[in-house]
There are 2 protein chains.
Amino acid sequence: MHVSPNVETRPFRKLCADHGLAATHQRQVLYEVMQTMPGHPSPEEVYARVKKRIPAISLATVYKNIHLFVERGVLKEVSMHHGSLRVELNSHLHHHMVCSHCKAITDIEEKDLGVLPTLQRLPGGFQVERYAIDVIGICAACQKAKRG
Amino acid sequence: MHVSPNVETRPFRKLCADHGLAATHQRQVLYEVMQTMPGHPSPEEVYARVKKRIPAISLATVYKNIHLFVERGVLKEVSMHHGSLRVELNSHLHHHMVCSHCKAITDIEEKDLGVLPTLQRLPGGFQVERYAIDVIGICAACQKAKRG
DNA sequence: TTGACGAACAATAATAATTATCGTTTACTA
DNA sequence: TAGTAAACGATAATTATTATTGTTCGTCAA
Ligand SMILES: [Mn+2]
Ligand SMILES: [Mn+2]
Ligand SMILES: [Zn+2]
Ligand SMILES: [Zn+2]
């Protein structure tokens with residue numbers, strides 16, 4: 001009797017191939033661990049879980065691969081993380097365009113967004129204060145830079 | 001001839017009174033400096049500006065007062081800053097409710113939001129990838145805690 | 001299957017961001 | 001104007017993230 005090898009591994013290998021990534025053991029475990037984490041974990045939390053299966057893994061490896069997965073669209077970043085807190089005084093109702101490449105933040109009027117947020121009572125009795133809409137994409141400067 | 005004192009100071013003192021804050025010199029300068037910063041500065045950037053007018057100010061004071069101003073609604077936080085990067089695998093189109101008190105993040109379906117962003121070409125030739133909508137407010141647990 | 005080679009890894013140092021501590025000063029109130 | 005709590009400055013500590021470097025591993029062609 002013969003069993004084809006890598007049965008459970010195949011989908012992950014394909015995912016890596018599709019994204020131009022080497023299929024390493026660390027990446028596979030990171031990916032599998034993320035599948036079991038339905039919330040919005042931090043790199044440290046992911047590291048703690050991965051470490052259970054690969055005790056020798058380095059935190060730096062987790063960070064690098066999380067960034068890589070986000071870059072390639074395997075993982076998604078919750079809200080936009082700018083490395084540090086950002087504040088503004090501008091009390092005029094507006095939202096933001098955030099460049100996923102250079103992280104530049106630009107104001108945008110609500111009316112220019114084509115959205116009409118209806119303040120309402122949301123699931124779980126969540127009491128709404130305001131909406132913060134981030135339009136994520138590529139700014140004009142980065143578009144130009146990518147071409148030539 | 002007599003000139004009433006604190007002429008320029010009055011609006012700031014009122015702002016503090018309205019928010020239950022002591023009207024300190026440091027807070028006044030921080031507030032005035034923010035009025036001249038139209039972008040989305042980090043605490044370090046604010047500190048650099050304030051330091052020009054109060055060379056002896058401590059970075060910790062800037063941090064503390066920025067947090068205080070955000071808490072009282074004088075300043076607004078751009079995007080939601082969770083202290084660390086947060087990621088998720090969930091590729092299903094959805095958004096988030098974020099508690100401004102405990103910072104808990106909960107998923108919410110786009111259809112439950114009552115907002116319909118229309119993907120379009122935005123000002124400045126910004127190329128849209130996706131919308132990330134954070135509904136900011138108070139979660140049920142924190143509402144309960146605040147009452148009794 | 002094997003060997004060369006570049007990519008990825010672990011260990012760890014370094015840096016950046018934020019918070020805590022504590023002695024001193026200041027603003028508010030009576 | 002004095003008492004008191006709050007705020008401040010200095011700085012240590014903590015937390016988050018990135019850089020460096022020598023070693024190991026995955027890929028691909030023979
Ligand atoms: Mn803005
Ligand atoms: Mn989510
Ligand atoms: Zn950009
Ligand atoms: Zn809460």
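Proteins get letters first, then strands, A, B, ... in listed order; numbering begins at 1 in each. Excluded from the calculations below are hydrogen atoms, water molecules and symmetry mates; all remaining heavy atoms, backbone and side chain alike, are included. Small disclaimer: the values here were computed from a predicted structure and weren't measured.
Once rounded to the nearest 0.5 Å, the distance linking SG of A:Cys16 with CZ of A:Arg27 reads 6.5 Å. One finds the NE2 atom of B:His95 at 11.5 Å from the CG atom of A:Asp134 (value rounded to the nearest 0.5 Å).
Of all nucleotides in DNA chain D, those with any atom nearer than 4.0 Å to a heavy atom of chain A start and finish, going 5' to 3', at D:dA16 to D:dT27.
Between B:Phe126 and A:Val135 the shortest side-chain heavy-atom distance falls below 4.5 Å. With contacts defined as side-chain heavy-atom distances shorter than 4.5 Å, the pair A:His81/B:Ser79 does not qualify. Between A:Met37 and B:Leu89, every side-chain heavy-atom pair lies at or beyond the 4.5 Å cut-off. Residues A:Asp107 and A:His96 meet the side-chain proximity criterion, which asks for heavy atoms closer than 4.5 Å. Looking only at side-chain heavy atoms (C-beta outward), A:Glu44 and A:Leu59 come within less than 4.5 Å of each other.
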Distance-only criterion, 3.5 Å: show the donor-acceptor pairs between side-chain atoms of residues 68-76 of chain B and protein atoms not counting sequence neighbours.
{"unit_1": "B:Arg72", "atom_1": "NH1", "unit_2": "B:His19", "atom_2": "O", "d": "2.6"}

Only distances under 3.5 Å count here; give the side-chain donor-acceptor pairs of residues 48-57 of chain B to other protein atoms, sequence neighbours excluded, each with its distance to 0.1 Å.
{"unit_1": "B:Arg49", "atom_1": "NH1", "unit_2": "B:Thr36", "atom_2": "OG1", "d": "3.3"}
{"unit_1": "B:Lys51", "atom_1": "NZ", "unit_2": "B:Tyr47", "atom_2": "OH", "d": "3.1"}
{"unit_1": "B:Lys51", "atom_1": "NZ", "unit_2": "B:Pro55", "atom_2": "O", "d": "3.3"}
{"unit_1": "B:Arg53", "atom_1": "NH1", "unit_2": "B:Glu32", "atom_2": "OE1", "d": "2.9"}
{"unit_1": "B:Arg53", "atom_1": "NH2", "unit_2": "B:Glu32", "atom_2": "OE1", "d": "3.0"}

Pairs under 3.5 angstrom, nitrogen or oxygen only, protein versus nucleotides 3-6 of chain C, please.
none

Every protein N/O within reach of nucleotides 27-30 of chain C N/O, cut-off under 3.5 Å:
{"unit_1": "C:dC28", "atom_1": "OP1", "unit_2": "B:Ala23", "atom_2": "N", "d": "3.0"}
{"unit_1": "C:dC28", "atom_1": "OP2", "unit_2": "B:Arg13", "atom_2": "NH2", "d": "3.0"}

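Using bins of under 30°, 30° to 60° and over 60° for the plane-to-plane angle, the ring pair B:His40/A:His94 lands in the tilted bin.
When rounded to the nearest whole Å, the span between CD1 of A:Ile54 and P of C:dA8 equals 15 Å.
The 5' end of DNA chain D is approached more closely, in terms of each residue's nearest nucleotide, by B:Gly20 than by the other of B:Gly20 and B:Pro55.
Against DNA chain D, the stretch residues 61-85 of chain A makes heavy-atom approaches under 4.0 Å through A:Tyr63, A:His67, A:His81.
Grouping Ile, Leu, Val, Met, Phe, Trp and Tyr by side-chain contacts under 4.5 Å, direct or through others, puts A:Ile136 with A:Met80, A:Val98.
The salt bridge (charged side-chain N to carboxylate O under 4.0 Å, His left out) analysis of residues 56-68 of chain B, with sequence neighbours excluded, yields no pairs. Each salt bridge (charged side-chain N to carboxylate O under 4.0 Å, His left out) pair with one or both residues in residues 87-104 of chain A, not counting sequence neighbours, appears once here: A:Glu77-A:Lys103.
Every residue was checked against the side-chain contact (heavy atoms from CB on, under 4.5 Å) condition with A:Pro38, not counting sequence neighbours, and none meets it. Taking A:Pro43 as the reference, A:Tyr63, A:Ile66, B:Leu85 meet the side-chain contact (heavy atoms from CB on, under 4.5 Å) condition, with sequence neighbours excluded.
Comparing the start and finish of the helix from C:dT1-D:dA30 to C:dA30-D:dT1, five pairs each, the helix axis swings through 50°, to the nearest 10 degrees.
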